[in-house]
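Accompanying notes for the structure given below.
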Amino acid sequence: MRKKIVAGNWKMNNDEIESQRLINSIIEKKLDNNCEVYVSPSFPFLKDAIKLCDKTNIKVLAQNVSHEIEGAFTGDVSCKMLDSLEVKSVIIGHSERRTIFKEDNNMLLNKLKLCFKNNFQVFFCIGEDIDARKSEEQFFVIEDQLNKTVFQLENIDPNKLIIAYEPVWAIGTGLSATPNQAQEMHKFIREKFKNKFSESISEKLSIIYGGSVKPSSAKEIFAQNDVDGGLIGGASLKSNDFADIVNSI
Ligand code: PGA
């Protein structure tokens, strides 16, 4: 059985008090025990989050990490720093990091290597933009993103890697991929992992979907064979919606 995962990607939202309130409100909800649930406040509030989530089933996820170990990288946060807060899960390669902050495949590969070396769990995001989808090049784009990053690694531990398929055209647009589009791409990704690593790795790998998942659409998307959960942006900022999505697993 693959792990079922629903993670909130809070992005640059919520100050200290709002972050605490949202976490407390999620803790109060009845959440499906079969699902691993993650919250991701911004860096300054991770320590609070770790404390609040202690002795609950909710885990804390960082939204990013540096591609370097330490040194003159103003504004960056290293694996070692996260480790010292006991945050051991991180999102890498979100399309906002790739496009707005110009993080390229080389940098993402460095991040992957550092994270795995430090025994982190990585949510690695991949996804095609609207032009690629319109010209039916989505499979080519996804394969290329994998070839230049994860597939540069000799081996992976499927307990330490989660792939988040997030079509860029669906992120924050209200325009979710259809359940069929998600299933088709997740199956393709799983097949690629099978060819690159092994069938056993590909069968254990959780592949989650992200892009405008709402309580009303989650059930049908999560019901697809190769969809193992979701990375949730906007809807993760409201505890009721987030809990409904978790309980759609
Ligand atoms: P969204 O964001 O759910 O608001 O579309 C998803 C994401 O960016 O991870």
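Residue indices begin at 1 and follow the sequence shown.
Side-chain contact of Asn240 with Lys29: a donor-acceptor pair under 3.5 Å is present, judged by distance alone.
For Asn57, the CG atom sits in a loose shell: 12 or fewer heavy atoms of surrounding residues, nucleotides or ligands are nearer than 6.0 Å. Remark: Glu70 CD is loosely packed, at most 12 non-hydrogen atoms of other residues, nucleotides or ligands lying under 6.0 Å away. Heavy atoms of other residues, nucleotides or ligands lying less than 6.0 angstrom from NZ of Lys204 number 12 at most. Heavy-atom neighbours of Lys160 NZ from other residues, nucleotides or ligands within 6.0 Å: above the threshold of 12. Counting non-hydrogen atoms of neighbouring residues, nucleotides and ligands closer than 6.0 angstrom, the CD1 atom of Ile69 reaches no more than 12 such neighbours.
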Q: Check the pair Ser202, Glu191 against side chain to side chain contact (heavy atoms under 4.5 Å, CB included), reporting the backbone distance first and the verdict last.
A: CA-CA 7 Å; Ser202 77; Glu191 191 69 25; over 6 Å; no
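Listed here is the closest heavy atom pair of Ala49 and Pro41: CB-CG, 3.6 Å. Here the shortest heavy-atom pairing between Ala182 and Ala177 reads N-CB, 4.4 Å. The nearest pair of heavy atoms linking Gly127 to Val141 is O-CG1, 4.3 Å. Closest non-hydrogen pair, Val39 versus Cys53, comes out as CG2-SG, 4.3 Å.
Within the structure, every pair that satisfies the salt bridge (Lys or Arg N to Asp or Glu O under 4.0 Å) test and touches residues 111-125, not counting sequence neighbours, is listed here: Glu103-Lys111. Counting only residues at least two apart or on different chains, no salt bridge (Lys or Arg N to Asp or Glu O under 4.0 Å) pair has a member in residues 34-56. For residues 164-177, every residue pair satisfying the side-chain hydrogen bond (donor to acceptor under 3.5 Å, both in side chains) rule, not counting sequence neighbours, is listed here: His94-Glu166, Glu128-Tyr165, Glu128-Trp169, Arg133-Tyr165, Ser176-Tyr209. Within the structure, salt bridge (Lys or Arg N to Asp or Glu O under 4.0 Å) pairs that include any residue of residues 71-90 comprise Asp83-Lys88 (at least two apart or interchain). Applying the ring-ring contact (aromatic ring centres under 6.0 Å, His included) rule to pairs touching residues 30-69 yields Tyr38-Phe123, sequence neighbours excluded.
The closest side-chain heavy-atom distance from Asn14 to Leu22 is below 4.5 Å. Within the 4.5 Å cutoff, the side chain of Ser95 has no heavy atoms near those of the Cys125 side chain. Within the 4.5 Å cutoff, side-chain heavy atoms of Gln183 are placed close to those of Lys187. Considering only heavy atoms from C-beta on, Ile92 stays 4.5 Å or farther from Thr149 through its side chain. Contact of the Asp228 side chain with the Lys3 side chain is not registered, since no non-hydrogen atoms from C-beta on lie closer than 4.5 Å. When side chains are defined from C-beta on, Phe193 does not count as touching Pro158, because their heavy atoms never get closer than 4.5 Å. In this structure, the side chains of Ile207 and Asp226 stay at 4.5 Å or more apart for every pair of heavy atoms. In this structure, the side chains of Ile23 and Ile58 stay at 4.5 Å or more apart for every pair of heavy atoms.
Listed for the Arg2 side chain is no donor-acceptor partner under 3.5 Å among the backbone atoms of Ser206. When atom types are taken as modelled, the side chain of Ser66 and the backbone of Glu68 share a donor-acceptor pair closer than 3.5 angstrom. When atom types are taken as modelled, the side chain of Ser239 and the backbone of Ile26 share no donor-acceptor pair closer than 3.5 angstrom. In this structure a side-chain-to-backbone donor-acceptor pair under 3.5 Å is missing from Ser217 to Val213. Judged by distance alone, the side chain of Asn118 and the main-chain N or O of Phe120 form no donor-acceptor pair under 3.5 Å. For Asn9 (side chain) and Gly233 (main-chain N/O), no donor-acceptor pair under 3.5 Å exists by modelled atom type. Using modelled atom types, one side-chain atom of Glu18 and one backbone atom of Asp15 make a donor-acceptor pair closer than 3.5 Å.
By the 4.5 Å side-chain criterion applied to Ile, Leu, Val, Met, Phe, Trp and Tyr, Phe101 is assigned to a cluster that also includes Ile100. Apart from Phe73 itself, the hydrophobic cluster it occupies contains nothing, where clustering links Ile, Leu, Val, Met, Phe, Trp and Tyr at side-chain heavy-atom distances under 4.5 Å.
The salt bridge (charged side-chain N to carboxylate O under 4.0 Å, His left out) check on Lys148 picks up Asp144, with sequence neighbours excluded. Evaluation of the side-chain contact (heavy atoms from CB on, under 4.5 Å) rule for Glu220 yields Pro179 as partners, not counting sequence neighbours. For Asp129, the side-chain contact (heavy atoms from CB on, under 4.5 Å) partners are Asp131, Ala132, Val168, not counting sequence neighbours. Arg98 meets the salt bridge (charged side-chain N to carboxylate O under 4.0 Å, His left out) test with no other residue; sequence neighbours excluded. Qualifying side-chain contact (heavy atoms from CB on, under 4.5 Å) partners for Ser198, counting only residues two or more places apart in sequence or in other chains: Ser200, Ile201.
Put simply, CD1 on Ile126 and CD on Gln138 are 12.5 Å apart, with the number rounded to the nearest 0.5 Å. How far OG of Ser236 is from NZ of Lys11: 8.5 Å, rounded to the nearest 0.5 Å. Taking CD1 from Ile27 and OG1 from Thr56, the interatomic distance works out to 5.0 Å, rounded to the nearest 0.5 Å. Distance check: Leu61 CG to Leu82 CG gives 10.0 Å after rounding to the nearest 0.5 Å. Atom CG of Leu31 sits about 12.0 Å away from atom CD1 of Ile245, to the nearest 0.5 Å. Interatomic distance, CG of Leu205 versus NZ of Lys194, reported as 14.0 Å (0.5 Å rounding).
Cluster annotation: Phe222 is connected to Ile163 through the hydrophobic network of ILVMFWY side chains, with a link wherever side-chain heavy atoms come within less than 4.5 Å. In terms of hydrophobic clustering, with Ile, Leu, Val, Met, Phe, Trp and Tyr side chains grouped at heavy-atom distances under 4.5 Å, Phe116 and Leu108 are assigned to a common cluster. A continuous path of hydrophobic side-chain contacts links Leu52 to Val246 [ILVMFWY only; heavy atoms under 4.5 Å]. Linking Ile, Leu, Val, Met, Phe, Trp and Tyr whenever their side-chain heavy atoms come within less than 4.5 Å leaves Leu175 and Ile171 in two separate clusters. Two different hydrophobic clusters hold Ile142 and Leu231 under the rule that ILVMFWY side chains link at heavy-atom gaps under 4.5 Å.
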